[in-house]
Visitor: 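My questions will all concern the structure given below.
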Amino acid sequence: MVSKSRWKLLAMLALVLAVMVWYSISREDSFYFPIPEKKEPCLQGEAERKASKLFGNYSREQPIFLQLKDYFWVKTPSAYELPFGTKGSEDLLLRVLAITSYSIPESIQSLKCRRCVVVGNGHRLRNSSLGEAINKYDVVIRLNNAPVAGYEGDVGSKTTMRLFYPESAHFNPKVENNPDTLLVLVAFKAMDFHWIETILSDKKRVRKGFWKQPPLIWDVNPKQIRILNPFFMEIAADKLLSLPMQQPRKIKQKPTTGLLAITLALHLCDLVHIAGFGYPDAHNKKQTIHYYEQITLKSMAGSGHNVSQEALAIKRMLEIGAVKNLTYF
Ligand SMILES: CC(=O)N[C@H]1[C@H]([C@H](O)[C@H](O)CO)O[C@](OP(=O)(O)OC[C@H]2O[C@@H](n3ccc(N)nc3=O)[C@H](O)[C@@H]2O)(C(=O)O)C[C@@H]1O
Ligand SMILES: CO[C@@H]1[C@H](O)[C@@H](O)[C@H](O[C@H]2[C@H](O)[C@@H](NC(C)=O)[C@H](OCc3ccccc3)O[C@@H]2CO)O[C@@H]1CO
């Protein structure tokens with residue numbers, strides 16, 4: 001016969017177990033009883049296979065970031081000037097790569113299947129509550145000076161990479177990035193290389209030559225800096241937007257940083273999701289375009305972007321399943 005005290009002990013144990021189960025479920029992180037996280041299935045090479053329909057068979061050998069070691073081995077110099085190539089900016093670039101020349105971190109390189117999300121700066125992210133979902137991707141790519149502080153619920157807080165140029169660099173990079181965020185410089189003109197050189201080697205800053213004043217003091221760890229291979233700009237411009245690579249006009253046509261980031265993600269990742277992409281239609285003069293500030297399409301006059309052409313390119317990517325959209329389009 002089981003004694004009364006044994007029954008009591010069993011009842012106590014059952015109660016403790018029940019509390020543990022309840023606590024685990026209510027915490028959602030399943031500390032006691034791990035439930036496998038329901039992540040999107042990731043198929044190795046899937047993004048590349050789908051993207052080849054858009055890009056054709058372009059070289060997958062191209063490095064994501066420019067590094068001194070690759071640069072010296074380049075047999076044929078770049079055919080295009082910035083932002084589509086490095087022609088004419090070689091000396092400046094070499095000086096930059098002598099200071100900062102790092103590759104993809106092992107934590108990304110070693111992933112068997114890379115799930116990536118590109119977070120555009122569009123207003124569609126406002127009140128989206130996508131923050132938690134965004135933080136779950138292996139690689140979160142953000143753009144320009146888009147903030148996370150105060151918007152975590154909608155846009156998340158993880159930032160694996162942030163693409164930027166001097167005029168779009170956040171003045172307070174430590175607040176809006178993680179300590180290991182890769183700050184990826186997209187160079188549009190030779191002065192952009194010069195700016196990063198002056199920042200990293202603390203040389204005399206130059207104020208002229210920018211269309212908007214970039215930070216003069218920029219508190220970042222040089223190990224976080226990467227220089228994006230202009231090849232991706234060439235691919236986005238040529239294959240997605242059919243832009244001419246040599247443009248004589250003053251306002252040169254170029255892809256937006258977001259379209260560039262999607263192009264890069266299709267090269268780097270196995271699964272590519274996007275969020276926060278899509279502009280209001282051209283007649284909508286009052287709709288604010290960003291999730292973090294009140295500006296309209298008018299602010300983009302003179303930018304050299306063709307947002308309707310880009311929308312078509314993104315729609316095509318969605319149709320063939322190369323990317324999936326977390327917001328509406
Ligand atoms: C005034 C101006 O030059 N605005 C440009 C701004 C500005 O320089 C930076 O925000 C820094 O202040 O940068 C751009 O882009 P921006 O920083 O606005 O947005 C980043 C990317 O998100 C996508 N986007 C944004 C808003 C929206 N409603 N729909 C979207 O799809 C786009 O793909 C966009 O690239 C840029 O770099 O491309 C493009 C904008 O033209
Ligand atoms: C991805 O492009 C970035 C951004 O989205 C564009 O709006 C911006 O366009 C600027 C353009 O690059 C500038 N051209 C040059 C040669 O610098 C243009 O310059 C006109 C100008 C010059 C001096 C003072 C004010 C304006 O300004 C455009 C913005 O209005 O380019 C970004 C990448 O740099």
Side-chain angles (χ1 to χ4, degrees), residues 81-84 89 117-126 128 141-147 155 159 161-173 176 184-196 206-215 228 230 232-233 236-237 240-241 243 247-265 272 274-282 284-315 317-318 323 325-329:
E81 293 173 3
L82 285 170
F84 307 125
S89 304
V117 62
V118 184
V119 185
N121 296 354
H123 186 257
R124 286 162 198 192
L125 278 165
R126 219 180 156 85
S128 67
I141 305 178
R142 295 187 198 274
L143 311 163
N144 298 331
N145 53 355
V155 304
T159 309
M161 281 183 205
R162 188 183 281 272
L163 270 54
F164 76 100
Y165 35 90
E167 294 91 344
S168 77
H170 202 286
F171 279 69
N172 204 345
E176 303 301 348
V184 182
L185 177 74
V186 182
F188 285 88
K189 52 190 178 308
M191 279 306 288
D192 295 352
F193 286 142
H194 189 55
W195 174 81
I196 198 78
V206 179
R207 286 163 188 266
K208 280 193 179 156
F210 300 100
W211 56 269
K212 181 176 152 192
Q213 180 64 63
L228 186 73
F232 297 102
M233 186 63 89
L240 296 179
L241 303 176
L243 294 177
Q247 303 173 33
R249 282 180 300 137
K250 228 180 170 193
I251 298 180
K252 290 188 178 165
Q253 293 285 312
K254 54 192 183 295
T256 64
T257 312
L259 195 73
L260 171 70
I262 299 175
T263 309
L264 161 71
V272 179
I274 61 172
F277 280 82
Y279 289 95
D281 73 63
N284 197 338
K285 305 259 186 268
K286 290 208 171 126
Q287 173 65 54
T288 177
I289 57 171
H290 286 155
Y291 69 82
Y292 51 90
E293 63 180 354
Q294 302 281 317
I295 56 165
T296 62
L297 272 178
K298 199 176 168 194
S299 69
M300 290 181 71
S303 285
H305 303 310
N306 185 338
V307 294
S308 21
Q309 196 61 33
E310 291 204 4
L312 292 177
I314 294 177
K315 276 191 185 131
M317 291 185 213
L318 293 167
V323 302
N325 195 9
L326 303 181
T327 45
Y328 62 95
F329 200 75

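Since this is a predicted model, take the numbers as computed values, not measurements. Every number for a ligand or one of its atoms is a count from 1 in the order of the listing. Values below: all heavy atoms of this structure, side chains included; hydrogens, waters and symmetry mates excluded.
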Visitor: How would you list, by chain and number, every residue that makes a side-chain hydrogen bond (donor to acceptor under 3.5 Å, both in side chains) with Q309, sequence neighbours excluded?
Guide: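 Once residues adjacent in sequence are excluded, Q309 has no partner under the side-chain hydrogen bond (donor to acceptor under 3.5 Å, both in side chains) criterion.
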
Visitor: When you look for protein heavy atoms under 4.0 Å from ligand 1, which residues do they belong to?
Guide: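 Only G120, N121, G122, L143, N144, N145, Y165, S168, W211, K212, T256, T257, G258, L259, G276, F277, G278, Y279, I289, H290, S299, M300, S303, H305 have heavy atoms that fall under 4.0 Å of ligand 1, ordered by chain and number.
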
Visitor: Check side-chain hydrogen bond (donor to acceptor under 3.5 Å, both in side chains) between E176 and all other residues, then give those that pass, not counting sequence neighbours.
Guide: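 E176 satisfies side-chain hydrogen bond (donor to acceptor under 3.5 Å, both in side chains) with no residue once adjacent residues are dropped.
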
Visitor: Pair N145, F171 - check side chain to side chain contact (heavy atoms under 4.5 Å, CB included), show working.
Guide: CA-CA 8 Å; N145 53 355; F171 279 69; over 6 Å; no

Visitor: As a quick check of understanding, evaluate side chain to side chain donor-acceptor pair (under 3.5 Å) for E310 and H305, giving each step before the final call.
Guide: CA-CA 8 Å; E310 291 204 4; H305 303 310; 4.8 Å; no

Visitor: Is any side-chain heavy atom of I274 closer than 4.5 Å to a side-chain heavy atom of I314?
Guide: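 Yes, at least one pair of side-chain atoms sits under 4.5 Å.
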
Visitor: Between Q213 and R207, is there a side-chain heavy-atom distance shorter than 4.5 Å?
Guide: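 The answer is yes, as the side chains (C-beta and beyond) meet within the 4.5 Å cut-off.
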
Visitor: Evaluate the side-chain proximity of Y279 to Q287: yes if any heavy-atom separation is below 4.5 Å, no if none is.
Guide: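 No, side chains not in contact.
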
Visitor: Evaluate the ring planes of W211 and Y165, with Trp represented by its six-membered ring, and classify them as parallel (under 30°), tilted (30 to 60°) or perpendicular (over 60°).
Guide: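 The arrangement is tilted - the two ring planes meet at 30° to 60°.
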
Visitor: Which protein N or O atoms sit under 3.5 Å from any N or O of ligand 2? Give each pair with its distance.
Guide:
unit_1	atom_1	unit_2	atom_2	d
ligand 2	2 (O)	H305	NE2	3.4
ligand 2	5 (O)	H305	NE2	2.6
ligand 2	7 (O)	S303	OG	2.9
ligand 2	9 (O)	K254	NZ	3.3
ligand 2	12 (O)	K254	NZ	3.4
ligand 2	31 (O)	K254	NZ	3.4
ligand 2	34 (O)	W211	NE1	3.1

Visitor: Counting C-beta onward and ignoring hydrogens, is there a side-chain heavy-atom pair between K252 and F188 closer than 4.5 Å?
Guide: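 Answer no - side chains too far apart.
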
